Protein chains: 2
Amino acid sequence: MADVAGHLAGISLFRGLLRAQYEELSRIGVKRSFRKGERIFSEGDEGTGFYVVCGGRVKIFKVSTEGKEQILHLCGPGESFGEVSVFTGQGFPADAVAALPSTVLFFPRVAFSSLIRQDPALALNMMAQLSKRLRQFAGLIEDLSLKEVPGRLAKYLLYLSGRDGDETVDLDVSKGQLAALLGTIPETLSRILAKLNRLGLICSRGAQIRILDRRGLEEIGLEGKRLP
Amino acid sequence: MADVAGHLAGISLFRGLLRAQYEELSRIGVKRSFRKGERIFSEGDEGTGFYVVCGGRVKIFKVSTEGKEQILHLCGPGESFGEVSVFTGQGFPADAVAALPSTVLFFPRVAFSSLIRQDPALALNMMAQLSKRLRQFAGLIEDLSLKEVPGRLAKYLLYLSGRDGDETVDLDVSKGQLAALLGTIPETLSRILAKLNRLGLICSRGAQIRILDRRGLEEIGLEGKRLP
DNA sequence: CGGAAGATTGATCAGTTTCAAGCTCCGTGG
DNA sequence: CCACGGAGCTTGAAACTGATCAATCTTCCG
């Protein structure tokens with residue numbers, strides 16, 4: 001129990017709450033662990049509650065009938081997923097699988113729902129979180145429909161390097177997974193990485209990528225581009 | 001003012017509220033009208049509040065640097081947009097333009113925010129609405145990345161006919177707008193409609209489309225398809 | 001009636017996927 | 001310790017989808 005409470009403070013969904021509220025939450029939260037590749041839920045499963053990532057990484061994705069997958073989001077520690085089911089009561093809208101060995105907190109729908117009813121502040125935090133997610137999705141839709149793959153990759157690399165502030169970034173997922181995140185396939189990703197290397201924009205060695213020409217990468221995302 | 005209150009009951013965001021709450025809302029809601037094509041806000045504008053459509057239709061979209069637009073959502077009467085700004089306080093994440101002559105209610109951020117603070121039920125309704133939107137976006141992302149244009153069109157036609165229950169559907173937007181909604185351009189849409197006609201799946205005359213082979217349309221969305 | 005915006009059709013082309021074949025890395029078992 | 005084997009990654013050639021450019025046709029208002 002105390003263990004659960006220890007995690008709560010780092011969760012954006014619950015930021016700024018009072019001690020009493022944390023105690024309430026820790027009373028209903030259940031810790032669960034998943035091995036790498038283990039499924040947390042499938043699309044259409046009844047939404048009995050929502051999850052928060054404590055450690056590891058969870059992949060949220062959709063699969064087409066032919067097996068192609070589009071990653072909607074990679075959730076790291078402190079991020080939540082499955083909240084939508086709390087309010088719609090419908091099944092989960094996507095699949096969730098542990099991309100790394102992961103531990104999560106599970107909050108049952110019914111218990112959390114009544115908690116929210118007593119506590120407006122909790123609801124406000126949650127709305128801000130949902131709004132943030134909505135904004136991210138709008139960005140993803142924009143990227144998928146307006147930009148081509150090189151632009152999406154460039155944007156992602158800049159995002160990673162911006163976060164770490166460094167010139168050398170580490171892909172925290174396999175290239176196959178990165179391809180799915182960018183809405184493409186491993187072959188295409190591989191070719192584009194090779195092209196960016198050839199142009200001297202980056203220097204990639206496995207999962208390590210050094211950014212050589214930041215300006216150049218930014219341009220790819222903007223204009224109608226041609227990579228020679 | 002009474003005029004404002006009259007609209008509130010039909011708004012899903014505010015469903016199930018008490019009379020007193022409607023009165024509160026009508027006190028802070030402001031009615032605004034827009035001509036067809038008139039801009040309501042632009043991406044990046046400060047989010048001073050959110051909107052609810054009373055009449056007409058509002059197009060929410062993103063534009064690339066080259067001018068190509070991707071419609072995120074077409075809001076009809078009773079639907080809300082711009083809510084995200086209430087909680088994030090950041091600028092709007094997309095553009096909004098009246099696709100038809102439209103009237104909307106505007107709810108200023110500050111006033112609504114304090115209203116929500118006193119009223120948990122209002123917050124719960126709003127969360128359900130945000131969740132619903134989130135679910136729609138997940139569907140849109142899936143469509144854009146997993147399906148090809150014929151599949152997206154087929155799904156949209158089935159959606160329209162399912163809603164009206166009828167075999168003959170009316171496109172409620174111009175073909176150019178429909179193309180943007182499907183993430184493509186008018187030429188491509190035109191070709192695919194012609195192809196569906198040729199195959200005997202539909203019979204289109206202008207904005208009127210009669211569905212001849214429901215099963216056939218469904219198949220297009222599912223399998224790796226080839227339209228001869 | 002005229003004209004402009006929207007819609008269709010054709011030809012061409014770039015980007016991406018598909019299919020197929022090597023390659024590299026790394027863990028496992030002999 | 002080294003060889004084997006497999007998964008993931010890379011590369012090549014061909015096919016395909018959708019975008020672009022350009023021209024024509026339709027529609028629908030003023």
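Every value quoted in this text rests on a predicted model; they were computed, and no experiment measured them. Naming: A, B, ... by sequence-line order, numbering from 1 per chain.
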Given the rule in the salt bridge (charged side-chain N to carboxylate O under 4.0 Å, His left out) test, do A/Glu69 and A/Lys59 qualify, once you have shown the distances and angles that lead to the verdict? CA-CA 11 Å; A/Glu69 77 177 34; A/Lys59 175 175 73 172; 3.1 Å; yes
Spacing between A/Glu69 atom CD and C/dT17 atom P, to the nearest angstrom: 14 Å
Under 4.0 Å between a Lys/Arg side-chain N and an Asp/Glu carboxylate O for B/Lys155 and B/Glu218? no
Rounded to the nearest Å, what distance is computed from the CG atom of residue B/Leu171 to the P atom of nucleotide C/dG6? 16 Å
Just checking A/Gly151: base, sugar-phosphate only, or nothing, at a heavy-atom cut-off of under 4.0 Å? nothing
Are A/Arg214 and A/Ser161 close enough that a side-chain donor and a side-chain acceptor fall under 3.5 Å? yes
Whole angstrom is fine here: how far is it from CD1 in A/Ile192 over to P in D/dC9? 15 Å
Is there a donor-acceptor pair under 3.5 Å between the side chain of B/Ser102 and the backbone N or O of B/Ala98? no
What integer distance in Å separates B/Arg205:CZ from C/dA7:C1'? 16 Å
Report the end-to-end axis angle of the helix from C/dC1-D/dG30 to C/dG30-D/dC1; each axis comes from five terminal pairs, and the value is rounded to 10°. 30°
Looking at every non-hydrogen atom in both residues, tell me the closest pair between B/Leu193 and B/Ile202 and how far apart they are. CD2-CD1, 3.7 Å
Please tabulate the protein-to-nucleotide N/O contacts below 3.5 Å involving nucleotides 8-12 of chain C, giving atom names and distances.
unit_1	atom_1	unit_2	atom_2	d
C/dT8	OP1	B/Lys175	NZ	3.0
C/dT8	OP2	B/Ser190	OG	3.3
C/dT8	O5'	B/Ser190	OG	3.1
C/dG10	N7	B/Arg191	NH1	2.8
C/dG10	O6	B/Arg191	NH2	3.0
C/dA11	N6	B/Arg191	NH2	3.3

Got a sec: does the CZ of B/Arg39 have more than 12 other heavy atoms crowding it under 6.0 Å? yes
Under-3.5 Å N/O pairs linking protein and nucleotides 27-30 of chain D:
none

If the condition is side-chain contact (heavy atoms from CB on, under 4.5 Å), which residues does B/Glu79 pass it with, not counting sequence neighbours? B/His73, B/Cys75
Please report, rounded to the nearest Å, how far the C1' atom of D/dT17 is from the CG atom of B/Leu153. 15 Å
CD of A/Glu46: more than 12 outside heavy atoms within 6.0 angstrom? no
Return a table of donor-acceptor pairs under 3.5 angstrom between the side chains of residues 80-88 of chain A and protein atoms on other chains or two or more places apart.
unit_1	atom_1	unit_2	atom_2	d
A/Ser80	OG	A/Glu83	OE2	2.6
A/Ser85	OG	A/Gly49	O	3.4
A/Ser85	OG	A/Gly82	O	3.0
A/Thr88	OG1	A/Val84	O	3.2
A/Thr88	OG1	A/Gln90	N	3.3
A/Thr88	OG1	B/Arg135	NH2	3.0

Short question: side chain of B/Lys68, backbone of B/Gly183 - any donor-acceptor pair under 3.5 Å? no
Non-neighbouring partners of B/Lys62 that pass side-chain hydrogen bond (donor to acceptor under 3.5 Å, both in side chains), sequence neighbours left out: A/Glu142, B/Glu43
When the distance from CD1 of A/Ile209 to P of D/dC9 is rounded to whole Å, what number comes out? 12 Å
Whole angstroms only, please: what is the CG-P distance between B/Leu182 and D/dG18? 11 Å
Please give, in whole Å, the distance from D/dT10 C1' to A/Lys195 NZ? 14 Å
Per nearest nucleotide of DNA chain C, the residue lying toward the 5' end, B/Ser174 or A/Ile185, is B/Ser174
